[in-house]
Number of protein chains: 2
Amino acid sequence: MFNDLDPLLHSQLRLAVMSLLISVESAEFTFLKEKTKSTAGNLSVQLDKLSEAGYIQIVKSFRGKKPLTTCSITKKGIKAFEDYVNNLKQYINK
Amino acid sequence: MFNDLDPLLHSQLRLAVMSLLISVESAEFTFLKEKTKSTAGNLSVQLDKLSEAGYIQIVKSFRGKKPLTTCSITKKGIKAFEDYVNNLKQYINK
DNA sequence: TATTTTGGTTTATAACATAAACTAGTTTAC
DNA sequence: GTAAACTAGTTTATGTTATAAACCAAAATA
């Protein structure tokens with residue numbers, strides 16, 4: 001009846017990040033921060049978790065002299081997101 | 001872009017309970033426990049939270065000599081659930 | 001009458017989300 | 001050129017949450 005919801009995705013901020021990443025090739029930290037209206041600290045922590053789960057890839061580089069953090073969703077992440085959405089439907093489609 | 005998700009509903013067990021209650025007139029504690037496969041303790045706590053938020057009504061009575069806890073969703077609960085579902089769609093409909 | 005079961009509640013703990021504080025360097029204003 | 005403010009984050013601390021474990025009272029069962 002109710003499949004478990006991946007706890008890694010069942011978090012407002014991480015879900016918003018995945019939602020953004022699924023429709024773009026990659027996104028910068030500041031872009032994600034703006035779109036999700038999160039604090040940098042919170043975003044940093046949640047990106048790490050998604051990265052450690054293998055759901056996203058994080059590449060650190062420099063743009064000019066400033067640090068640049070770029071994120072992209074992985075195949076595993078896409079699969080996890082799709083599964084999450086499918087499972088969620090059991091809960092919200094009365 | 002991303003509306004906040006009601007934290008009271010953004011919980012697997014509470015969401016499952018609301019999902020069940022929205023399509024029935026009322027449901028017993030044991031029914032909810034079975035359907036959600038939760039432990040009694042966890043369910044008890046989460047029902048209290050939904051009740052305190054005014055999302056459900058809890059009526060305690062006896063069936064024969066045994067205690068009976070019956071739950072039903074309130075208008076406020078229906079509204080909250082519908083809002084939650086609508087907001088959630090922003091996250092999952094890329 | 002001892003044990004198990006029912007129908008829960010209360011309490012303790014571990015995980016989580018978040019904000020606040022901090023770091024390291026860059027740009028701007030004086 | 002140096003102080004102040006800004007950028008782009010990370011780390012740490014704290015409060016909240018979810019969950020399991022322990023508990024309770026009564027009833028049913030062996």
Side-chain angles (χ1 to χ4, degrees), chain A residues 2-20 26-53 55-72 80 84 87-88 91, chain B residues 2-20 26-53 55-72 80 84 87-88 91:
Chain A
F2 294 111
N3 284 21
D4 277 347
L5 298 173
D6 182 345
L8 239 122
L9 294 183
H10 198 63
S11 135
Q12 184 168 318
L13 182 48
R14 289 194 300 268
L15 188 62
V17 166
M18 294 294 280
S19 175
L20 287 167
S26 70
E28 297 172 13
F29 185 95
T30 51
F31 172 83
L32 295 175
K33 178 168 174 293
E34 262 178 57
K35 287 288 181 182
T36 61
K37 286 176 185 113
S38 62
T39 61
N42 193 9
L43 183 57
S44 177
V45 170
Q46 306 311 327
L47 287 180
D48 273 357
K49 287 183 186 173
L50 290 173
S51 169
E52 267 175 51
Y55 289 0
I56 68 171
Q57 211 199 344
I58 300 180
V59 175
K60 278 161 199 308
S61 60
F62 281 86
R63 176 162 46 206
K65 296 171 177 177
K66 293 182 195 166
L68 177 67
T69 300
T70 309
C71 307
S72 54
Y84 174 81
N87 286 339
L88 197 59
Y91 292 77
Chain B
F2 294 111
N3 284 22
D4 277 348
L5 298 173
D6 183 345
L8 238 122
L9 294 183
H10 198 62
S11 133
Q12 184 169 319
L13 182 47
R14 289 195 298 268
L15 188 61
V17 166
M18 293 294 280
S19 175
L20 288 167
S26 71
E28 297 171 13
F29 185 95
T30 51
F31 172 83
L32 295 174
K33 179 167 173 293
E34 262 178 57
K35 287 287 182 183
T36 60
K37 287 176 186 110
S38 63
T39 61
N42 192 9
L43 184 57
S44 176
V45 170
Q46 306 311 326
L47 288 179
D48 273 357
K49 288 183 185 172
L50 290 172
S51 168
E52 267 175 50
Y55 290 1
I56 68 171
Q57 210 199 345
I58 300 180
V59 176
K60 277 161 199 308
S61 60
F62 282 86
R63 175 161 48 205
K65 297 171 177 176
K66 293 182 195 165
L68 178 67
T69 299
T70 309
C71 306
S72 54
Y84 174 81
N87 287 338
L88 196 59
Y91 292 76

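Given the structure is predicted, the values throughout are model-derived calculations rather than measurements. No hydrogens, no waters, no symmetry mates; every other heavy atom, side chains included, goes into these values. Lettering follows sequence order; numbering is per chain, from 1.
- Computed from coordinates, the B:N42 CG to D:dA22 C1' distance equals 15 Å when rounded to whole Å.
- Rounded to an integer number of Å, the gap from B:D6 CG to D:dT17 P is 11 Å.
- Atom-to-atom, CG of B:L68 to P of C:dT6 comes out at 15 Å; the value is rounded to the nearest Å.
- For A:S44, no side-chain nitrogen or oxygen approaches OP1 or OP2 of D:dG9 to under 4.0 Å.
- The nearest whole Å value for the distance from the NZ atom in B:K66 to the P atom in D:dT29 is 8 Å.
- Listed nucleotides D:dG9, C:dA17, D:dT19 differ in distance to A:T69; the shortest reach to its side chain belongs to D:dG9.
- For C:dA17, the OP1/OP2 oxygens have a side-chain nitrogen or oxygen of A:K49 closer than 4.0 Å.
- Nucleic acid contact for A:S38: none, since no nucleic acid atom lies under 4.0 Å from a heavy atom of the residue.
- When the P atom of D:dT16 is taken as reference, atom CG of B:L5 falls 20 Å away, rounded to whole Å.
- For B:R14 and D:dT17, the shortest distance from a side-chain N or O to OP1 or OP2 is not below 4.0 Å.
- Mapping B:F29 and A:Q12 onto DNA chain C via the closest heavy atom, the residue that lands nearer the 5' end is B:F29.
- Residue A:K60 places at least one side-chain N or O under 4.0 Å from the OP1 or OP2 atom of D:dT10.
- Nucleic acid contact class of A:Q46 (heavy atoms, under 4.0 Å, all strands): base.
- Distances shown here put every side-chain N or O of B:R63 at or beyond 4.0 Å from the OP1 or OP2 atom of C:dT6.
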